[in-house]
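Contents: one structure, followed by commentary.
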Amino acid sequence: MSGILNSSIGRKFAMALSALFLMFFLLQHFLINLLSVISPEAFNEVSYFMGNNPLIQYAMQPILLIGVLFHFIMGFVLEIKNRKARQISYAKNNGAANSTWMSRNMIWSGAAILLFMVFHFKDFWVPEIVEKYVEGKSQLGKDFHHHVVHMFEDPIRVGVYVLAFVFLALHLLHGFDSAFQSVGANNKYTKGLKRFSKIYAIGIPVGFIIIALFHHFNH
């Protein structure tokens with residue numbers, strides 16, 4: 001593994017795989033959150049299952065956390081190395097003319113998303129961990145839906161969520177397409193993948209924003 005990460009191509013490939021993994025998780029997370037709008041009862045049942053299933057808690061959740069940390073650390077490493085490599089070429093050429101605003105600012109959109117995740121964990125994940133493993137309370141029959149609605153009563157919190165998902169959309173617009181390219185998805189399906197990546201990059205963040213606004217205005 002260390003050998004792969006020592007090469008530029010290897011780092012980009014590993015970064016792409018972690019990105020695709022996180023995008024799959026993001027889709028799953030969105031579908032679960034969507035239940036909070038469609039059916040509070042179903043949302044409570046799924047939330048209880050996700051929070052108390054041993055396979056999810058002790059296998060998938062640690063893998064997810066490792067994937068998140070790996071993706072962001074590798075992103076910062078690649079950005080630092082790319083900036084060093086671009087210093088000479090930027091002195092000769094206009095770097096902005098050969099790249100998009102989104103690609104040049106992935107480090108900043110990524111940093112904003114990372115800060116949001118810390119904020120999000122404080123709101124939802126940390127209280128759950130304290131409840132289960134510190135206070136020893138059972139979550140059976142817990143009204144997870146009420147907790148979500150209560151969190152979105154605060155207009156400042158909703159504003160932070162909206163802004164964070166705008167940054168996520170900007171990040172995904174370049175990141176999704178870049179991930180496909182890094183794993184070698186350049187074939188007759190490329191146009192379709194590009195179209196799908198744009199739909200995903202805009203649709204999923206907008207979906208999360210709609211959910212937050214729905215709970216804020218309907219509490």
Side-chain angles (χ1 to χ4, degrees), residues 1-30 55-90 95-96 98-126 129 160-161 163-187 189-190 193-194 196-205 208:
M1 183 67 177
S2 60
I4 295 175
L5 297 181
N6 284 335
S7 70
S8 176
I9 295 176
R11 286 191 293 267
K12 288 181 180 179
F13 186 79
M15 181 71 172
L17 289 180
S18 67
L20 293 172
F21 167 72
L22 293 177
M23 282 183 264
F24 173 77
F25 163 76
L26 186 65
L27 175 61
Q28 178 196 53
H29 192 47
F30 167 71
L55 177 62
I56 294 173
Q57 287 296 294
Y58 303 117
M60 295 180 66
Q61 188 165 266
I63 291 173
L64 172 63
L65 292 175
I66 291 171
V68 170
L69 288 174
F70 177 86
H71 184 76
F72 281 104
I73 292 172
M74 187 56 61
F76 290 124
V77 169
L78 285 173
E79 180 65 21
I80 292 170
K81 290 184 176 294
N82 288 340
R83 284 179 181 271
K84 289 181 179 179
R86 287 196 298 256
Q87 284 177 353
I88 297 175
S89 62
Y90 274 14
N98 301 314
S99 60
T100 65
W101 182 91
M102 289 176 288
S103 67
R104 297 194 306 275
N105 291 278
M106 288 292 281
I107 188 71
W108 301 114
S109 60
I113 295 166
L114 182 59
L115 287 174
F116 166 72
M117 290 187 70
V118 173
F119 180 76
H120 185 65
F121 283 169
K122 181 185 73 69
D123 273 353
F124 294 97
W125 190 65
V126 173
I129 296 301
V160 170
Y161 269 68
L163 182 61
F165 282 109
V166 170
F167 275 112
L168 178 62
L170 294 173
H171 195 77
L172 289 174
L173 279 168
H174 174 72
F176 206 152
D177 187 47
S178 178
F180 278 130
Q181 290 182 22
S182 295
V183 297
N186 295 314
N187 50 42
Y189 301 111
T190 300
L193 288 174
K194 286 182 178 292
F196 173 74
S197 67
K198 288 181 180 179
I199 293 173
Y200 181 101
I202 297 173
I204 296 298
F208 275 108

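Taking CD1 of I113 as the start and CZ of F119 as the end, the distance is 15.5 Å to the nearest 0.5 Å. Here I56 contributes atom CD1 and L64 contributes atom CG; the two are 11.5 Å apart, rounded to the nearest 0.5 Å. A distance of 15.5 Å separates CD1 of I202 from CZ of F165, quoted to the nearest 0.5 Å.
Contact of the F76 side chain with the L114 side chain is registered, since non-hydrogen atoms from C-beta on lie closer than 4.5 Å. A heavy-atom distance below 4.5 Å is not found between the side chains of L163 and F116.
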Distance-only donor-acceptor pairs under 3.5 Å for side chains of residues 19-26, two or more places apart:
none

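Between H171 and S109, the closest heavy-atom pair is ND1-OG, 2.7 Å. When all heavy atoms of A201 and L173 are compared, the pair lying nearest together is CB-N, 3.6 Å. Between W125 and Q61 the shortest heavy-atom distance is NE1-OE1, 3.4 Å.
Applying the side chain to side chain donor-acceptor pair (under 3.5 Å) test to pairs two or more places apart or on separate chains, those with a residue in residues 15-30 are S18-H71. A side chain to side chain donor-acceptor pair (under 3.5 Å) check over residues 110-122, counting only residues at least two apart or in different chains, returns the pairs H120-Y161.
The side-chain contact (heavy atoms from CB on, under 4.5 Å) test with P205 is passed by exactly one of L170, V166, L172: L172.
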